[in-house]
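Notes for the one structure printed next.
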Number of protein chains: 2
Amino acid sequence: MALRHAVLAALLVGDGSDAGDTGGDSGGRGEYSGYQLAKAFDIGVANFWHALPQQLYAELAKLEKEGLVAGRQVIQETRPNKRLFRVTDAGLAELDAFAAASSKPSFIRDDLLVKVQAADSVDTGPVIEQLEERASVAEAKIELFGKVLRKMRGELDEEEFLRRGERIGPYLTCLRGLALEQENREWSMRVAAVLRERRAAHVER
Amino acid sequence: MALRHAVLAALLVGDGSDAGDTGGDSGGRGEYSGYQLAKAFDIGVANFWHALPQQLYAELAKLEKEGLVAGRQVIQETRPNKRLFRVTDAGLAELDAFAAASSKPSFIRDDLLVKVQAADSVDTGPVIEQLEERASVAEAKIELFGKVLRKMRGELDEEEFLRRGERIGPYLTCLRGLALEQENREWSMRVAAVLRERRAAHVER
DNA sequence: TCATCATAGTCAAGAAAATGACTATTCAGA
DNA sequence: TCTGAATAGTCATTTTCTTGACTATGATGA
C-alpha cells in the first residue's frame with residue numbers, strides 16, 4: 001500500500017504532456033495516461049521509487065476504483081486511444097494523510113554493492129567493468145538532471161526559485177537525485193581504481 | 001534469486017562473533033548464526049540491501065539445501081542452541097558467477113522523498129519534522145560508520161589500507177554508506193530549511 | 001516495401017517479500 | 001519476584017513484484 005502514494009505524487013506534477021487541452025486550471029493537478037506516467041516515473045520519480053509500467057497500470061485501475069483518481073477516455077485518431085487520469089480531492093486527502101504519517105525507513109537494494117562487498121573472494125575483473133559502466137551512466141544522469149533543474153527554475157537562480165517558485169517539490173527531489181548520482185559516480189570511480197591497483201599489484205607479486 | 005548473494009557476501013566477512021572456536025582458518029570465511037547474520041545485516045549490509053530476519057532464516061535454509069552454505073549445530077547451555085553457517089566452495093563459486101553477471105539497476109524506495117515530491121500539495125509541517133528526524137538519524141549513522149571504518153583499517157591510513165589491507169570489500173561498501181548518509185543529512189537539512197522558510201512566508205502573506 | 005520504433009495498453013503465473021504472531025531460555029534490573 | 005530485553009529461531013497468510021507474454025496502430029527509416 002505505498003506505490004499508490006508515489007503514483008499520486010507523480011500525477012500531481014502534471015504537465016509536460018502534449019495533451020491538447022491546456023485550458024481549465026485543475027488546482028495544479030496534472031493529467032497523465034498510464035503510458036506517460038510510466039515515462040515520467042522513469043526519469044523523475046525513479047530516483048526514489050522504482051516501478052514497472054504494469055504496476056502503474058494496475059495501480060491506476062485500483063486508485064480509480066477507490067475514487068482517488070478520475071480517468072477519462074480520450075479518443076485519438078492518429079494514435080491508439082488512451083485514458084488520462086487526474087488526482088481527485090479524495091486522492092489529495094489521501095496524500096496529505098500519507099505525508100503526515102510516519103515514514104518507513106528507506107529501502108535500498110543494489111547488486112553491485114553486494115559484489116563489492118564480496119570483492120576479496122571473487123574475481124574483480126567483471127566488477128571493475130561494471131563499476132566503470134555505472135560511473136558513466138551516472139555521468140549521463142548528472143547532465144540530464146542539470147538540464148531538468150535549469151528548465152524547472154527558469155530565469156531564477158536556485159535560492160530565488162526555492163524561496164518564491166511555485167511547485168518546488170519535484171525540484172527538491174531532483175536535487176536529491178543529482179546528489180545521489182554524483183556520489184554514485186565518485187564512489188564507483190574510486191572503487192574501480194582501487195580494485196584495479198590491487199589487481200596489478202597482485203600480478204606483479 | 002538475489003537475496004542469496006547478499007547473504008553469501010555477508011557470511012564471507014565472518015568474525016565479529018563471540019563463537020568460541022577461533023582455531024582453524026576457514027579460508028577467510030566466517031561463521032554466523034541466523035540471528036547474528038540478521039544483526040550484521042542491519043548495520044553493514046543494510047546500506048545496500050534491506051532484509052528482514054525471517055527472510056534470512058528462510059534463505060539460509062534454502063542455501064543449505066543447495067549446498068552453498070554448511071550449517072552445524074552448536075549446543076549451548078546458557079543460551080538456546082544455535083546453528084552456525086559458513087559458505088562452502090560451491091557457495092563461493094556461485095558468488096563468483098554472480099559477480100561476473102550483469103547487475104540489475106539499483107532499486108530504491110523512499111517514502112520521505114514521495115512526500116517531498118508532493119510538498120506543494122500537502123501540509124508540510126509533518127514532513128519538515130520527518131526531515132529533521134532523518135537528518136539526526138543520518139548524523140548518528142555517520143558517527144557509527146566513522147568508528148567502524150577506523151576499526152577496520154586499524155593502524156593504517158585509508159590509502160595505505162586500500163592498497164595493502166586484506167579484506168577491503170566491507171570497507172568500500174561502508175565508505176559508500178558513509179557518503180550516502182552524509183548526503184542524506186545535507187539534503188534533509190536543506191529541504192527542511194527551505195520548507196520552513198516557505199511556511200513562514202506563507203503565514204506572513 | 002519491410003522492419004522497427006513509439007504509442008497505449010492488458011493478462012496471467014509464479015517468485016519474493018512483508019506482516020504478524022508464536023515458542024523458548026537466560027540475564028539484568030526494579 | 002516480576003518484567004522486559006536479548007538470544008535463537010519458526011510459521012502462515014497476504015500482498016507485492018517480476019517475468020514474459022500478447023494486442024493494436026501509425027510513423028520513421030533503410
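Side-chain atoms are counted along with the backbone in the values below, which use heavy atoms only and exclude waters and symmetry mates. In what follows, every chain begins at residue 1, and chains take the letters A, B, ... in the order their sequences are listed. Predicted model, so just to flag it, every value in this text is computed and none were measured.
In the set D/dT7, D/dT18, C/dA6, C/dA6 carries the atom at the smallest distance from any side-chain atom of A/Y35. The B/K39 side chain lies nearest to D/dT7 when the options are C/dA17, C/dA8, D/dT7. Side chain of A/Q55, nearest nucleotide from D/dT19, C/dA18, D/dC17: D/dC17. Side-chain atoms of A/Y57 lie closest to C/dG9 of the nucleotides C/dG9, D/dC17, D/dT10. Distances from the side chain of A/S33 to the nucleotides C/dA8, C/dG9, D/dG9 place C/dG9 closest.
For the pair B/K82 and B/Y35, the NZ or CZ position fails the cation-pi test of under 6.0 Å to the six-membered ring centre and within 45 degrees of the ring normal.
If you measure from atom NZ of A/K82 to atom C1' of D/dA24, you get 16 Å, rounded to the nearest angstrom. One interatomic measurement links the two molecules: CD of B/E59 to P of C/dA18, which rounds to 13 Å at whole-angstrom precision. As a whole-Å value, the separation of A/R109 CZ from D/dT18 C1' is 13 Å. Look at CH2 on A/W49: it is 11 Å from P on D/dT16, rounded to the nearest Å. Counting to the nearest Å, the P atom of D/dA8 and the CG atom of B/L52 are 19 Å from each other. Between the NZ atom of B/K62 and the C1' atom of D/dT10 there is a distance of 16 Å, rounded to whole Å. Atom pair A/L56:CG and C/dG9:C1' shows a separation of 12 Å (rounding to whole Å applied). In this structure, CD of B/Q54 is placed 13 Å from C1' of D/dA8, rounded to the nearest angstrom.
The residue among B/A58 and B/F107 whose nearest nucleotide of DNA chain D lies closer to the 5′ end is B/A58.
Of the charged side-chain nitrogens involved, at least one lies within less than 4.0 Å of a carboxylate oxygen, so that A/R199 and A/D123 count as a salt-bridged pair. A salt bridge does not link A/E186 to A/R190: none of the charged side-chain nitrogens sits closer than 4.0 Å to a carboxylate oxygen.
Looking only at side-chain heavy atoms (C-beta outward), B/M189 and B/L131 stay at 4.5 Å or farther from each other.
Side-chain to base pairing of A/Q76 with D/dG26: no donor and acceptor N or O lie closer than 3.5 Å to each other.
A tilted orientation is assigned to the rings of B/Y171 and B/F161, their planes being inclined by 30° to 60°.
B/H50 has no side-chain polar atom (N or O) that falls below the 4.0 Å cut-off from OP1 or OP2 of C/dA17.
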